[in-house]
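All remarks here apply to the structure that follows.
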Amino acid sequence: MAIWLAGRRGASYCVKALISTTFRSSRSYTTAFASNGNSDSLFFCGNSSSAAVFGSQRFESTKARQQLDLLSSDDDEEQNQGVDFPGGRVAFTSEMSFLPESSEKRVQCYRVLDDNGYPLSSTQFKHMYRGMVTLQTMDTTLYEAQRQGRLSFYVTSYGEEAINLASAAALGFDDLILPQYREAGVLLWRGFTLQEFVNQCLGNKNDYGKGRQMPIHYGSNKHNYFTVSSPIATQLPQAVGVAYSLKMDKKDACVVTYFGDGTVMEVPVVFICRNNGWAISTPITEQFRSDGIVVKGQAYGIRSIRVDGNDALAIYNAVGVAREMAIKEQRPILIEALTYRVGHHSTSDDSTKYRPVDEIEHWKTARNPVSIFRKWVQRKGWWSDEEESEFRANVRKQVMDAIQVGEKIEKPPLADMFSDVYEEVPSNLMEQERLVRDTVKRHPQDYPTNIPL
Amino acid sequence: MATNLRRFKGFGSIFINHTNHLRGLSSSSAVLGSVDAQLQAPGSGTGKSINLYTAINQALQIALDSDPRSYIFGEDVGFGGVFRCTTGLAEQFGKHRVFNTPLCEQGIVGFGIGLAAMVSSYKFCTTVSCNQIPWSILSYTCCCCLSYFCNRGIELLLKFNLQITFFLLLIRHIVNEAAKFRYRSGNEFNCGGLTIRAPYGAVGHGGHYHSQSPEAFFCHVPGIKVVIPRSPKQAKGLLLSSIREPNPVVFFEPKVITFLCSKEVPEGDYTLPLSEAEVIREGSDITLVGWGAQLSIMEQACDGISCELIDLKTLIPWDKETVEASVRKTGRLLISHEAPVTGGFGAEISASIVERCFLRLEAPVARVCGLDTPFPLVFEPFYMPTKNKVRILLPFWCIIILDAIKDTVNY
C-alpha cells in the first residue's frame, strides 16, 4: 500500500512498472532458498535473507559492509574476537555503526499474472474466478441490504477477492482457518452456502452463532473455520496453539491465519497479512516506519514473502508453497499480500472522509483483482463475456433469494441467550432466565415479538 | 531472550539462594511421580504434610499422567519454575508437553486458547478430515494447564521490579477470547480445557503490582470460572477439578500461604467440586464469607464469638444457596477480602444476600476489605494483615475484623 501512497504523492506512478522492475532483480532469492532445496524460481522472487545479500544491499551507507568483509578475513584476529551467545557466535567490532531503520531498497513483491505457463487445470481457475465474482456480488447485494435496513452491519471484501479465493484454493480442506473478518471468500471456497452467509448476517435461528454476534462473524466447525472475533489479531497466538496441536498429532495439515496491517514456535502455521493500506482511517505510513509487514517476519525468524495481493495466481502459488513448507518443515511462514481496501471499512464508515476518491478509483478499476484475473482467464479461452453476464445475474438472484428465505426464518429462541456461556447453564443464569421470562410475560409490549420464548 | 539472560545473569546468586530456600521448605515433598500415589483411593490416605506448591505440583503431575493431551507451558516452567511447582514434570513427560514460552503474556494465553480449542473440540478434526484420530480420544479429559505466573513468583518475593501487569496483558485474551469462545460460536468451538494459574494477593512486600488481588475483574466476565483455594489440600483437589472442567478457569493461588502453610494432603488423584462453598466452622451468631488466604485471618478472628465461617472456593459461578442458608440461620453476614472494597466481589455477595434475606437480616451486611488505594508498600500493614501473621495471634487486620464482627453482632 505504501507503494500506492508513494505513487500518489509522486506524479505519474505505475504499479506495473514498479513491480516489473523489482521483479527483474530477483537474482538474490536463489541464494536465500537454495539451502532449503526449494529454489524454484516460479515461486520465489526477491525474498532475500542471506547474510551476503543483506550486507551488500542494505548497508552501503554505513560501515557495515566493511565490517562484514573484515569479519570474513581470518587475518585480523582482533576483529575475529567475539562472544559465544545463545543462537551463535557474535563478533566484536571497534567500529560503532547502527543498523539502519530500514533498507533503502524495499522488499520486492512477488507477482506472476500476465506471465504464461501455469500447469493447472482450467476448471480450478474457473472455479476460483466464479468464487471471486460470487464474493463480489454477495458483498454488493448484502451491502445494499444493509443500506435498506435489512441487516444491522456489513463488511465488504472489495479489492481483496484474490487474496480470499486464491489463498483458499491453495489450501487443503483440513487446514484450519483462524480468520480476522475480511476473509468470507475462504469460507465460500469451502462450500459455505450463500444461505448460510445470509443466515448469519440476519442472525436467524439457523445461524451457527445463534444470533449472538454482529453480521459477518461467520464460523463453522465442519468447514474448519474458527468463528470470527471482533478484536483484531487475537487470532495470531491462537493459531500457534492450534498448529501446535496439529504438530503433536502429526497431522498432514497446517493452520492459516489472516490479519490486517496492524512468537516464535516451530509449528505449521501460515500467517497471511492482507496489507490493504488502511486500518480504518490510519494509513500504513502512519502505522509503521518499517518496510511493511514482511520485514517483521525476519525479525522473528520466520521465513517471509511479499506477494501482490491483487494477483490471484501469485497468491495461489505463494500460499501453496507456504503450506507445503509449513507442513513438511513444521515451521511458520509469513505472507504479506499488498492490496487495497476498496470498500469502506464497514457500513459504519465513510472512507472518502479520509482518503482521496481517485485513489479508491485507481484500485477499483486499474488494479481490480477480479478484472485482472478475468482478463487472464478469458485470454486462456476458459471464460466468455456471455458466461460472465449470465453468472453475475445468476449469483445476484441467488443472494437475493437467500435474503428473502433468511428473513422468513424465525430468530433463535430466548433460551439461546443463556446457553453456551458455560458448557452447562449455572444457577445464576437459570435464575436470570426465570426473571426475564417473568418480565416478558408481564410486559410483553416491551419486547420484540419475533424472538420465540 | 536478552531480557531473560540479563535477568539470570544479574540475579543469579540471589536466585540460587532462594531456590535452596524453597527446596528447604518443600523438602518433605519428594513424592513427584510416585506410582504408589496413583494406587490409593481418591482423596483417601493420610498423605504427607506439604506446602501449596508441592500440592500444585502433584496435581499437575496427575493431570499430565492421566491425560496424554494435556500440556503445561509458561515462563520458566520448563526447569521447574522458580516456585518449583513444575519441578520434574518436563523430565517425566518430555519437553513437548511441559515447555517454556517467550516472555509474552498475550502470546501465552492466546496460544493456550488455540491449543485448548483443538484439545477440547476434538470432533472438529475427526468429523471433517475423516482420518486417523481414534474416537477414544474423546474420552480423554481435556486439559491445558497454563502455568504462567508461577515463574515470576521468585521475583515477587525478591522484589525484583519486573512488569507484572498481569491483568492488563492478559485481560484482552481472557475477556475477549477465552470467555466468549463457546458463546460467540454457538458452541461450534470452545476452549474449555484451558486453566490459567496465577499466584495473587499480598505477600508482605509486593507493592503496587505483586500484591494485587484481581479476582473481581474476572468475576465480571461471563464464560470463565474463578477458583481460589485456601490450603494445599484444597489447591490440589480444586486444581484437578479446574483442569478437568469443560470451561476455562482462572485459578488464583494465594501467595502468602505458599510457604507458611504446610498441611496434610491426600496422595493420589482426587477432586473437589467447583461452585460448592464449604462451611469450615459452624456457628450461630454471624456468617463470615471469604476465600483464599483471608480465611485463616478470619478464623483467628472467630475467637469468643459463634461464627459460621464459609469458604466460597469458586467465586463465579458462586454457591449462593450455602451462604443464604447460613445467613438465614445467623441473621448476620460479614465478607472479607484483600482486594479493594469498592467494586470488590464482596459487594456482589452483599447485594445478592440482601436481595434474598432482607427480612431475616438483623444487621447491615459488613465488608472488611482492602482499601481503595493502589497496594501501598510501606503502608501494607495498614492496608491489610500479612506481616508476621504466623507469630502474632491476632494481627492488625484481625482486630479490625473482630471489631466489625462485634459491631455487627451488637447492632
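In what follows, chains carry the letters A, B, and so on, assigned in the order in which the sequence lines appear, proteins first and then strands, with residues in each chain numbered from 1.
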Determine whether the aromatic ring centres of residues A:Tyr244 and B:Phe99 are separated by less than 6.0 angstrom. yes
Name the orientation class of the two ring planes belonging to B:Phe189 and A:Phe226 (parallel below 30°, tilted from 30 to 60°, perpendicular beyond 60°). parallel
Do B:His173 and A:Pro237 have side-chain heavy atoms sitting under 4.5 Å apart? yes
Contacting region of B:Lys320 [heavy-atom separation from chain A under 4.5 Å]: side chain
On a heavy-atom basis, which atom in B:Glu188 and which in A:Gly219 lie closest, and how many Å separate them? OE1-O, 4.2 Å
So among A:Leu246, A:Val255, A:Asp249, which one has a side-chain contact (heavy atoms from CB on, under 4.5 Å) with B:Met118? A:Leu246
Sort A:Glu423 into side chain, backbone, both or neither according to what part of it lies under 4.5 angstrom from a heavy atom of chain B. both
Enumerate donor-acceptor pairs with a distance under 3.5 Å from any side-chain N or O in residues 227-235 of chain A to protein atoms, sequence neighbours excluded.
from, atom 1, to, atom 2, distance (Å)
A:Ser229, OG, B:Glu177, OE2, 2.6
A:Ser229, OG, B:Arg184, NH1, 3.4
A:Ser230, OG, A:His217, NE2, 2.6
A:Thr234, OG1, A:Pro231, O, 3.4
A:Thr234, OG1, B:Glu177, OE2, 2.7
A:Gln235, OE1, A:Ala233, N, 3.1
A:Gln235, NE2, A:Tyr258, O, 2.7

Looking only at heavy atoms, what is the nearest atom pair of B:Asn247 and A:Tyr422, with distance? OD1-CA, 3.2 Å
Look up atom CE in A:Met248 and atom NE2 in B:His96, then write down how far apart they are to the nearest 0.5 Å. 4.0 Å
Only pairs at least two apart or in different chains count here, so list each salt bridge (charged side-chain N to carboxylate O under 4.0 Å, His left out) that has a residue in residues 198-220 of chain A. A:Lys205-A:Glu410, A:Lys210-A:Asp420, A:Arg212-A:Asp420
Take a 6.0 Å sphere around CD of A:Glu424 and say whether it holds more than 12 heavy atoms from other residues, nucleotides or ligands. no
List the atom of A:Ser245, the atom of B:Leu115, and the distance in Å for their closest heavy-atom pair. CB-CD1, 3.5 Å
Just do the side-chain contact (heavy atoms from CB on, under 4.5 Å) check on A:Met417 and B:Tyr183 with the steps written out, would you? CA-CA 9 Å; A:Met417 179 170 151; B:Tyr183 195 74; 4.1 Å; yes
Nearest heavy-atom pair of A:Asn428 and B:Pro317: which atoms, and what distance? OD1-CB, 3.9 Å
